[in-house]
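Some notes on the structure that comes next.
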Amino acid sequence: MESTAELLFILPAIIVAIGGVLVMMIDAFSDDADKSYWTATAVLGLALIFSIRDMFIPGGTAFHDMMVYGGIAAYGGSVVLFGTFLCVLLSRDYLKAIGYHFGEMYSMILFATTGMVILVGANTLITLFLGIETMSVALYVLAGFIKKDKAGIEAALKYFLLGAFATGFLLYGIALLYGASGSIILTDIAATENQGVLFWMGVAMLFVGFFFKISAVPFHMWTPDVYQGAPTNITAYMATAAKAATIVAFILVLGRALYAVQSEWTTVLSTIAVITMILGNLIALVQDNIKRMLAYSSIAHVGYILVGLAAGTATAYSAVMYYIFAYTLMNVGAFGVVAYFEKQKGCDFTSVENYAGLGYKFPLLGVLMSIFMFSLIGVPPFAGFIGKYLVFSAAIAEGLTATVIVAALASVVAVYYYLRVVIYMYMHEAKESYNFVPPTLAFTVTLTIIAALILYFGIIPAGLIEVITNGVSSSTMLEANGISY
Amino acid sequence: MIALHWYLALSAVLFIIGVVGVLTRKNAIVIFMCAELMLNSVNITLVAFSAHLGDVHGQILVFFSLCVAAAEAAVGLAIIIAIFRNNLSVDITRINLLRW
């Protein structure tokens with residue numbers, strides 16, 4: 001059977017899905033949550049290996065055009081799986097410290113990841129919808145994982161209600177696009193002639209759904225509340241893997257279904273990008289809670305990513321793909337450090353002022369946090385700088401100079417709130433002494449590896465960029481249709 | 001034979017009722033019902049297009065969207081029960097721990 005051979009192309013998704021069920025079974029028959037933890041780590045590692053292997057095979061479609069494989073689908077899958085892998089590695093310490101180390105969290109993470117891996121390979125509107133929803137429903141559960149925590153449950157409720165609302169728009173957009181084009185396959189939608197009001201209504205609704213899921217202004221209201229209320233390891237997961245998967249799916253929709261009408265949506269995306277960057281950065285300035293500050297910073301980063309999407313060339317898509325990788329590394333790292341300090345019993349360690357003097361008390365964690373913050377600012381030689389540089393130069397090449405000027409100014413504003421953390425860590429005296437449990441070896445090593453990768457891909461990005469560029473040209477329809485880039 | 005646009009109009013009206021409900025109501029369960037109404041109104045659009053185009057994909061998508069709505073209901077009601085236990089209320093104006 002042809003389809004049996006095609007199963008190999010979605011092997012990472014299959015591994016993660018089976019792994020999720022396996023972890024759930026292990027959790028049902030064993031009290032030791034560590035078993036679930038190690039199983040989840042092994043499953044994610046295995047899926048990651050297969051996903052990275054897929055990056056080097058020529059791209060194509062499988063299951064009667066339902067899925068794309070290879071190219072950016074494999075690359076997006078690798079970023080998602082790597083981000084999840086790191087989040088899971090950092091989860092155990094945090095969950096143990098707050099007394100909520102249960103195995104079902106890992107199985108929910110694996111189910112959400114299954115949705116994400118399907119999502120990055122979506123080639124039809126059905127696969128797209130199912131991927132997004134599998135991811136979202138599992139994330140609603142994860143956000144409210146700590147039932148006793150009022151803020152966590154409130155975050156879950158807000159996430160759920162607004163998420164269901166956004167799903168309505170997404171599905172209506174899908175229905176209208178299907179009606180206008182007569183097909184659910186992305187590449188067939190591109191062939192629609194004389195798009196009427198139904199087509200454009202569909203595109204608009206679909207965009208609203210996507211903007212909600214990637215938290216672009218003005219659809220960002222849920223993000224700060226959810227990121228602040230959810231357990232910190234889940235916040236890291238939502239801010240990185242979930243966002244990366246949705247952005248890759250957005251690129252697939254733009255690059256496979258809507259490339260022919262690009263002139264119509266470039267303005268929309270760059271306008272949204274501008275207000276997202278300005279609002280995200282300005283509100284982040286006044287945040288005192290570090291999780292909330294990072295939430296607004298992630299909104300601002302979505303703004304920079306939208307600048308790249310607005311440019312809509314293969315170069316710009318490659319730049320965005322690089323950016324989401326750098327963004328994943330930086331944010332997992334930053335939230336990891338936040339999780340370590342926050343989880344200490346008997347103190348509420350979420351305010352920036354609590355970080356006073358910690359740089360000297362924990363030299364390694366201080367240096368690592370500074371690396372993540374400087375990379376988030378976009379200072380060379382860190383990966384965040386290369387990401388911003390690639391996105392902005394691709395946008396300038398497409399004539400979006402005004403947008404890029406706003407983006408550059410917004411990044412300058414961002415320096416304040418990122419540096420504030422570093423300044424508190426090194427230039428303020430600690431007000432009181434806390435008794436900290438020292439971080440475990442696995443925790444420190446994971447964070448150090450993240451920081452090393454940020455440095456490595458900031459200094460030597462060429463190899464990765466080449467892989468991404470090949471992937472983008474095989475997965476989007478720009479080259480095949482002679483669209484200039 | 002009823003023309004396609006009647007189905008689309010019915011679906012659009014139901015969708016708008018859902019949107020207005022989500023935006024104006026205060027009870028979390030009613031908001032959730034309105035969100036479900038939005039999803040189900042889209043199903044009418046999908047089935048209508050599917051019959052009109054003679055293409056079965058739209059109806060398949062309806063089955064998936066029903067599954068998703070069911071999964072969302074399971075998770076959503078669980079979250080609403082948890083919030084009721086914490087706050088003794090499902091009025092969203094009284095659930096305001098997190099704000100900027």
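Ring pair Phe169(A)/Phe15(B) is perpendicular by interplanar angle, where above 60° counts as perpendicular and below 30° as parallel. In this structure, Phe32(B) and Phe160(A) have tilted ring planes: the angle between them lies in the 30° to 60° band.
Of the atoms belonging to Asp288(A), not a single heavy atom falls under 4.5 Å from chain B. Residue contact with chain B, scored on non-hydrogen atoms closer than 4.5 Å, involves the side chain of Leu198(A) exclusively. Of the atoms belonging to Leu37(B), not a single heavy atom falls under 4.5 Å from chain A. Contact annotation for Val62(B): neither backbone nor side-chain heavy atoms come within less than 4.5 Å of a heavy atom of chain A. Heavy-atom distances place no part of Met221(A) under 4.5 Å from chain B, backbone and side chain included. For Ser50(B), the parts lying under 4.5 angstrom from a heavy atom of chain A are both the backbone and the side chain. Neither the backbone nor the side chain of Leu4(B) has a heavy atom closer than 4.5 Å to any heavy atom of chain A. Looking at Ala48(B), there are no atoms closer than 4.5 Å to chain A (heavy atoms on both sides), in backbone or side chain. Heavy atoms closer than 4.5 Å to chain B are found in both the backbone and the side chain of Leu157(A).
The most heavy-atom pairs under 4.5 Å with chain B, out of Glu133(A), Lys158(A), Lys148(A), Gln228(A), come from Glu133(A). Counting heavy-atom pairs closer than 4.5 Å to chain A, the top residue among Asn43(B), Leu39(B), Ile60(B), Asn40(B) is Leu39(B). With chain A as partner, the option from Gly58(B), Ser41(B), Ser11(B), Ala71(B) having the largest number of non-hydrogen pairs under 4.5 angstrom is Gly58(B). Counting heavy-atom pairs closer than 4.5 Å to chain A, the top residue among Val68(B), Leu23(B), Asn87(B), Ile92(B) is Val68(B). With chain B as partner, the option from Ala156(A), Ala143(A), Ser136(A), Ala138(A) having the largest number of non-hydrogen pairs under 4.5 angstrom is Ala156(A).
Shortest non-hydrogen contact noted between Glu154(A) and Ile83(B) is CA-CD1, 3.8 Å. Taking all atoms of both residues into account, the shortest heavy-atom contact from Ser65(B) to Leu171(A) is CB-CD2, 3.7 Å. Between Ala175(A) and Val42(B) the shortest heavy-atom distance is CB-CG1, 3.7 Å.
Checked against the 6.0 Å centroid threshold, Phe129(A) and Phe64(B) do not count as a close aromatic pair.
Here the CG atom belonging to Leu161(A) is positioned 6.0 Å from the CD1 atom belonging to Ile80(B), to the nearest 0.5 angstrom. Rounded to the nearest 0.5 angstrom, Ser183(A) OG and Leu53(B) CG are separated by 9.5 Å. Here the OG1-CD distance, from Thr167(A) to Glu72(B), works out to 5.0 Å after rounding to the nearest 0.5 Å. Taken to the nearest 0.5 Å, the CE atom of Met201(A) stands 10.0 Å off from the CG atom of Leu8(B).
In this structure, Tyr172(A) and Met38(B) have side chains that are not in contact, with every pair of non-hydrogen atoms separated by 4.5 Å or more. Between Ile174(A) and Leu61(B) the shortest side-chain heavy-atom distance falls below 4.5 Å.
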*So Ile153(A) and Phe84(B), side chain to side chain contact (heavy atoms under 4.5 Å, CB included) or not? Walk me through it.*
CA-CA 10 Å; Ile153(A) 285 290; Phe84(B) 182 76; over 6 Å; no
_side chain to side chain contact (heavy atoms under 4.5 Å, CB included) between Asp55(B) and Tyr178(A), worked out_ = CA-CA 10 Å; Asp55(B) 177 79; Tyr178(A) 165 69; 2.8 Å; yes
*After noting the C-alpha distance and the side-chain angles of Ile31(B) and Phe165(A), does the key distance pass the side chain to side chain contact (heavy atoms under 4.5 Å, CB included) rule?*
CA-CA 9 Å; Ile31(B) 294 176; Phe165(A) 188 56; over 6 Å; no
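Proximity of a side-chain donor or acceptor of Asn86(B) to a complementary backbone N or O of Lys147(A) within less than 3.5 Å is detected. For the pair Tyr140(A) (side chain) and Val75(B) (backbone), a donor-acceptor distance under 3.5 Å is absent.
Residues of residues 110-119 of chain A placed with any heavy atom under 4.5 Å of a heavy atom in chain B are absent; none qualify.
Heavy-atom neighbours of Tyr7(B) OH from other residues, nucleotides or ligands within 6.0 Å: at or below the threshold of 12.
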